[in-house]
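All remarks here apply to the structure that follows.
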Protein chains: 2
Amino acid sequence: MEYREEILTLLKAHHLRLTKIRRSLVDVLFQNEAPLSVQDILCKLRKIQLTVNKTTVYRALEQLQNIGIIGVVRLGDRKQYYELAFREHHHHLICLQCERVEDVDMNEDRLFAEEKKVSDERGFTILRHSLEFFGLCRRCQSI
Amino acid sequence: MEYREEILTLLKAHHLRLTKIRRSLVDVLFQNEAPLSVQDILCKLRKIQLTVNKTTVYRALEQLQNIGIIGVVRLGDRKQYYELAFREHHHHLICLQCERVEDVDMNEDRLFAEEKKVSDERGFTILRHSLEFFGLCRRCQSI
DNA sequence: TTGACAAATGCAACTGAGTTGCGTTATTAT
DNA sequence: ATAATAACGCAACTCAGTTGCATTTGTCAA
Ligand SMILES: [Mn+2]
Ligand SMILES: [Mn+2]
Ligand SMILES: [Zn+2]
Ligand SMILES: [Zn+2]
């Protein structure tokens with residue numbers, strides 16, 4: 001399904017307006033495989049002649065999060081990074097040298113088993129986890 | 001081995017001085033099972049009549065990190081949390097309700113296998129990972 | 001024990017990410 | 001076209017962490 005259609009539907013369902021900024025914001029996230037920070041987003045928007053205030057971006061991101069269009073990721077620094085949520089649950093490889101970010105899918109059976117064990121043994125209900133890998137990407141190995 | 005001895009040795013080896021603040025800082029981390037933020041540390045120090053400047057704490061933490069006495073943890077908010085490093089590699093359970101933090105050890109064989117796979121297939125060398133679990137602690141379940 | 005020297009500390013000012021209140025502008029439904 | 005209200009921009013704010021510099025303190029050798 002065309003993702004724009006889906007987004008339009010979701011926005012309507014939540015009485016949110018499909019503005020130029022919101023559309024471009026989603027486009028920017030769609031065209032980037034890696035999660036983006038707010039500063040990243042502002043730069044990319046400026047490149048397509050859209051000079052937007054950061055407050056607007058923060059508020060738009062929060063709403064798009066609420067209706068499940070985008071998700072937040074933490075990559076080890078103080079910033080939040082955003083990516084479209086239509087991608088299934090996955091994790092990231094973060095290069096400590098050049099800060100490049102790659103998606104990584106993996107089998108999490110063992111992880112879920114551990115979560116169940118913790119839940120059973122200590123009465124802690126695990127709702128989600130965050131797992132990120134840090135190291136050196138192919139390009140930075142040789143340096 | 002008495003952890004104070006070990007710390008003293010390490011400090012000397014790096015030409016660092018064993019000051020009252022540094023000793024108390026390590027004591028505070030030693031007496032708390034959960035990782036602490038700088039604000040947490042400042043409060044705990046004030047409780048034992050040590051009113052310290054935050055800059056001093058940040059600088060001390062950085063040095064103790066450099067010589068491997070303490071480690072940094074990220075728990076999903078913008079703060080950094082610090083814990084003593086003599087504890088072996090482990091992860092955390094973070095309660096989304098009350099923010100309580102518990103340590104959790106787990107078998108990581110499967111995780112290491114995945115890391116090797118990624119390394120082989122994509123040429124990305126993984127040096128470390130961060131894995132934290134979010135949910136509801138025993139006390140917050142019933143609410 | 002003392003004094004010189006380097007390390008540690010405190011303070012004020014700063015940065016960068018994110019938030020809030022409010023007045024103005026744009027989208028939407030009728 | 002108009003009215004209702006959501007979205008936007010701006011300025012001022014919070015909060016974690018950093019930096020430069022003057023002052024204090026710990027260490028070590030004389
Ligand atoms: Mn991703
Ligand atoms: Mn821990
Ligand atoms: Zn790289
Ligand atoms: Zn709890």
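Order of the sequence lines fixes the chain letters, A, B, ..., with proteins taken first and strands second; residue numbering starts at 1 for each chain.
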Taking only residues two or more places apart in sequence or in another chain, which ones pass side-chain hydrogen bond (donor to acceptor under 3.5 Å, both in side chains) with [X]?
X       : result
A:Asn66 : none
B:Arg23 : none
B:His15 : none

Please list, one pair per line, the donor and acceptor atoms closer than 3.5 Å that link side chains of residues 110-126 of chain A to other protein atoms, with sequence neighbours excluded.
{"unit_1": "A:Arg110", "atom_1": "NH2", "unit_2": "A:Glu114", "atom_2": "OE2", "d": "2.6"}
{"unit_1": "A:Glu115", "atom_1": "OE2", "unit_2": "A:His129", "atom_2": "ND1", "d": "2.7"}
{"unit_1": "A:Lys116", "atom_1": "NZ", "unit_2": "A:Asp120", "atom_2": "OD1", "d": "3.4"}
{"unit_1": "A:Lys116", "atom_1": "NZ", "unit_2": "A:Asp120", "atom_2": "OD2", "d": "2.7"}
{"unit_1": "A:Arg122", "atom_1": "NH1", "unit_2": "B:Asp103", "atom_2": "O", "d": "3.3"}
{"unit_1": "A:Arg122", "atom_1": "NH2", "unit_2": "B:Glu102", "atom_2": "OE1", "d": "2.9"}
{"unit_1": "A:Arg122", "atom_1": "NH2", "unit_2": "B:Asp103", "atom_2": "O", "d": "2.7"}
{"unit_1": "A:Thr125", "atom_1": "OG1", "unit_2": "B:Gln141", "atom_2": "OE1", "d": "2.8"}
{"unit_1": "A:Thr125", "atom_1": "OG1", "unit_2": "B:Gln141", "atom_2": "NE2", "d": "2.7"}

Practice item. Work out which heavy atom in A:Ser24 is nearest to a heavy atom in A:Leu45; give both atom names and the distance. Key: CB-CD2, 3.7 Å
Practice item. In plain terms, say whether A:Asp105 and A:Arg87 are close enough for a salt bridge, that is, a side-chain N and a carboxylate O under 4.0 Å apart. Key: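 Looking at A:Asp105 and A:Arg87, the cut-off is met.
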Practice item. Ignoring backbone atoms, establish whether A:Tyr58 has a side-chain N or O less than 4.0 Å from OP1 or OP2 of C:dT19. Key: no
Exercise for review: Verify the contact: side-chain N or O of A:Thr19 to OP1 or OP2 of D:dC8, cut-off strictly under 4.0 Å; return yes or no.
Suggested key: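 Looking at the OP1 and OP2 atoms of D:dC8, one of them is under 4.0 Å from a side-chain N or O of A:Thr19.
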Which protein N or O atoms sit under 3.5 Å from an N or O of nucleotides 2-5 of chain D?
{"unit_1": "D:dT5", "atom_1": "O2", "unit_2": "A:Arg17", "atom_2": "NH1", "d": "3.1"}
{"unit_1": "D:dT5", "atom_1": "O2", "unit_2": "A:Arg17", "atom_2": "NH2", "d": "2.8"}

Review point. Over how many whole Å does the gap from A:Arg78 atom CZ to C:dG16 atom P extend?
Key: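 Going from CZ in A:Arg78 over to P in C:dG16 covers 10 Å.
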Check your understanding: Does any residue of residues 43-56 of chain B have a heavy atom under 4.0 Å from DNA chain D, and if so, which ones, in number order?
Key ->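 Within residues 43-56 of chain B, the residues near DNA chain D are B:Lys54, B:Thr55.
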Review point. Is any N or O donor-acceptor pair between the side chain of B:Arg59 and the base of C:dG10 shorter than 3.5 Å?
Key: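 Under the 3.5 Å cut-off, the side chain and the base do form a donor-acceptor pair.
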